[in-house]
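These notes concern the structure reproduced below.
Residue numbers begin at 1 in each chain, while the letters A, B, ... track the order of the sequences. Being a predicted model, the structure only gives us computed values, none of them experimental.
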Protein chains: 2
Amino acid sequence: MPKDRNPTRIQKKNRATILEAALEVFSTSGFRGATVDQIARAAGLSKPNLLYYFPSKEAIFTELLSGLLDTWLDPLRAIDPQGDPLEEFLAYVQRKLQMSRDFPRESRLFANEIVQGAPRMLETLSKDLKPLLEEKADLIEGWMADGKLNRTHPKHLLFSVWSLTQHYADFDVQVRTLMGDEDPFDAAPAHLEQMFRRMLTPAPKI
Amino acid sequence: MPKDRNPTRIQKKNRATILEAALEVFSTSGFRGATVDQIARAAGLSKPNLLYYFPSKEAIFTELLSGLLDTWLDPLRAIDPQGDPLEEFLAYVQRKLQMSRDFPRESRLFANEIVQGAPRMLETLSKDLKPLLEEKADLIEGWMADGKLNRTHPKHLLFSVWSLTQHYADFDVQVRTLMGDEDPFDAAPAHLEQMFRRMLTPAPKI
DNA sequence: CGTGAGTTTGACCAGTTGGTCAAATCATGA
DNA sequence: TCATGATTTGACCAACTGGTCAAACTCACG
């Protein structure tokens, strides 16, 4: 068992390789569906060798989750309270959509976990995600109070962004099956832009 | 192995019990995560007894899927080409949202399957869902051409309905964790109504 | 009743899975 | 170079899993 301090070159490389392989396997099979052997094979290591770098399957999984959550929430954190409300929000939507396009495995990893009741993430949800959501919901609430955005339920609004964007990653097979040749990500940005612009433009009711 | 024809009273009862138990277990654990023993226990039967009614775990799963798909698609089928376009569509959104509230396990069953690449559903997707989607997309397209609905990408529009509504079932734990005491389904109907009404009202661009 | 079909079960099996361990091999810096 | 710690592996294990089977039990009906 390698120590956490002073990781060797080999340790750094192999731990990274393992996490990459684990992302691939866990995101398509879920925690229970994935086997240590699959991950080891995907990483090009033997099973005992893999378990030399991580104490257990569970440990790989939780390290993956916590390691990726920060990146995953970056787009939301990046909403600037000083910017123009509507444009800030629309830019957030596009960033989030990009995440679905560029990191679909990460999205499916979380989706798998949460659909199954988030047994290994519940704490993270209330400790990390909840405060962030509330901060941004308050910000949006303020913008609405100032008449800069159309009045809506801020939390439901943010859920809407998540569901609409992550759908393209989580339900990728379905979306692609139904769209045939057309790449879903061709029209998705404009579609979501239109949707949220109409929803949020503070205007005489249409 | 009971014959399909002339099922006895006991057969009818037990097959139904098993499917109910299987829905419970599969929807929270996915196919691979669920064990036959879990399902048997949830159904109050012994494992060999359960396997007397269904030849295999796989058989239970596929029977569940195909049995539920029809119900699942009912709200979409019910869109009436003769009705008022906007109101028809908004009613569809609400029906779909009700499904998420009333049948969250069914939603998660499909979600689990599709997130993991739909290995047992791909054929169903292209054979059953695709034609239905195209029929309804064409209908919506027509309504837009007639100026009854604001112009958008019909397929992406339908994906939006699915993702927004199913999110409340599939990500139930997350949504409830983040909303605390407030029941998500209190504000969701109005939120989605507002969202799609703004999106689809054919009006001078706002 | 009694009898034959329908139902239930304990015991069992082979394959898989997460994880261990001692021994072998490799890398590195004194 | 060589000693020492880091890395790798084949063999192994106990628990679990999907599924089988013969024997026992129960039910409906003549």
Worksheet item: Can you check the Leu51(A) CG to dT20(C) P distance for me, whole Å?
Response: 7 Å
Worksheet item: Looking at Gln11(A), does any N or O in its side chain come under 4.0 Å of the phosphate oxygens OP1/OP2 on dT7(D)?
Response: yes
Discussion item. Under 4.0 Å from OP1 or OP2 of dT8(C): is there any side-chain N or O of Tyr52(B) that close?
Written reply: no
Worksheet item: For Met179(B), does its backbone N or O pair with a side-chain atom of Lys130(A) as donor and acceptor, under 3.5 Å?
Response: no
Worksheet item: So, does Glu88(A) use its side chain to make a donor-acceptor pair with the main chain of Asp80(A) at under 3.5 Å?
Response: yes
Fill in: Atom pair distance, as rounded to whole Å: NZ in Lys13(A) and C1' in dA27(C)
12 Å
Discussion item. Between Glu24(B) and Ala42(B) (side chain of the first, backbone of the second, donor and acceptor by atom type, cut-off under 3.5 Å), is there such a pair?
Written reply: no
Practice prompt. Check the side chains of His156(B) and Gln194(A) for a donor-acceptor pair under 3.5 angstrom, ignoring hydrogens and angles.
Written response: no
Practice prompt. Please state whether the phosphate of dT7(C), meaning OP1 or OP2, lies under 4.0 angstrom from any side-chain nitrogen or oxygen of Asn49(B).
Written response: no
Discussion item. Under a 3.5 Å distance rule, please check whether Arg198(A) uses its side chain to pair with a backbone N or O of Arg198(B) as donor and acceptor.
Written reply: yes
Worksheet, complete the sentence: What residues 54-61 of chain A contributes to the DNA chain C interface at heavy-atom separation below 4.0 Å is Ser56(A), Lys57(A)
Worksheet, complete the sentence: Leu50(A) CG to dT7(D) P, in whole Å, measures 14 Å
Worksheet item: Where do Lys148(A) and Asp84(A) land on the salt bridge (charged side-chain N to carboxylate O under 4.0 Å, His left out) test, with the steps shown first?
Response: CA-CA 8 Å; Lys148(A) 306 286 191 183; Asp84(A) 174 71; over 6 Å; no
Worksheet item: Would you say the side-chain atoms of Gln166(B) pair up with the backbone N or O of Ser107(B), donor to acceptor, closer than 3.5 Å?
Response: no
Item to complete: Determine yes or no for a side-chain-to-main-chain donor-acceptor pair under 3.5 angstrom, with Arg108(B) supplying the side chain and Asp170(B) the backbone.
Response: no
Worksheet entry | From dT7(C), dT8(D), dG19(D), nucleotide with atom closest to Thr8(B) side chain | dT7(C)
Worksheet item: At under 4.0 Å, does any side-chain N or O of Arg9(A) touch on OP1 or OP2 of dT28(C)?
Response: yes
Discussion item. Does dT8(D) have its OP1 or OP2 closer than 4.0 Å to a side-chain nitrogen or oxygen of Asn14(A)?
Written reply: yes
Worksheet, complete the sentence: What residues 21-47 of chain A contributes to the DNA chain D interface at heavy-atom separation below 4.0 Å is Arg32(A), Ser46(A)
Worksheet item: Counting distance only, does the side-chain N/O of Lys155(B) pair as donor-acceptor with the main-chain N or O of Pro184(A) below 3.5 Å?
Response: no
Worksheet item: With a distance cut-off below 6.0 Å to the six-membered ring centre and an angular limit of 45° from the axis, does Arg15(B) pair with Phe54(B) as a cation-pi contact?
Response: yes
Scan nucleotides 21-25 of chain C against the protein and return all N/O pairs shorter than 3.5 Å with their distances rounded to 0.1 Å.
none

Response to the item:
When rounded to whole Å, the CD1 to P distance for the pair Ile10(B) and dC27(D) reads 7 Å
Worksheet item: Is there a donor-acceptor pair under 3.5 Å between the side chain of Arg95(B) and the backbone N or O of Pro75(B)?
Response: yes
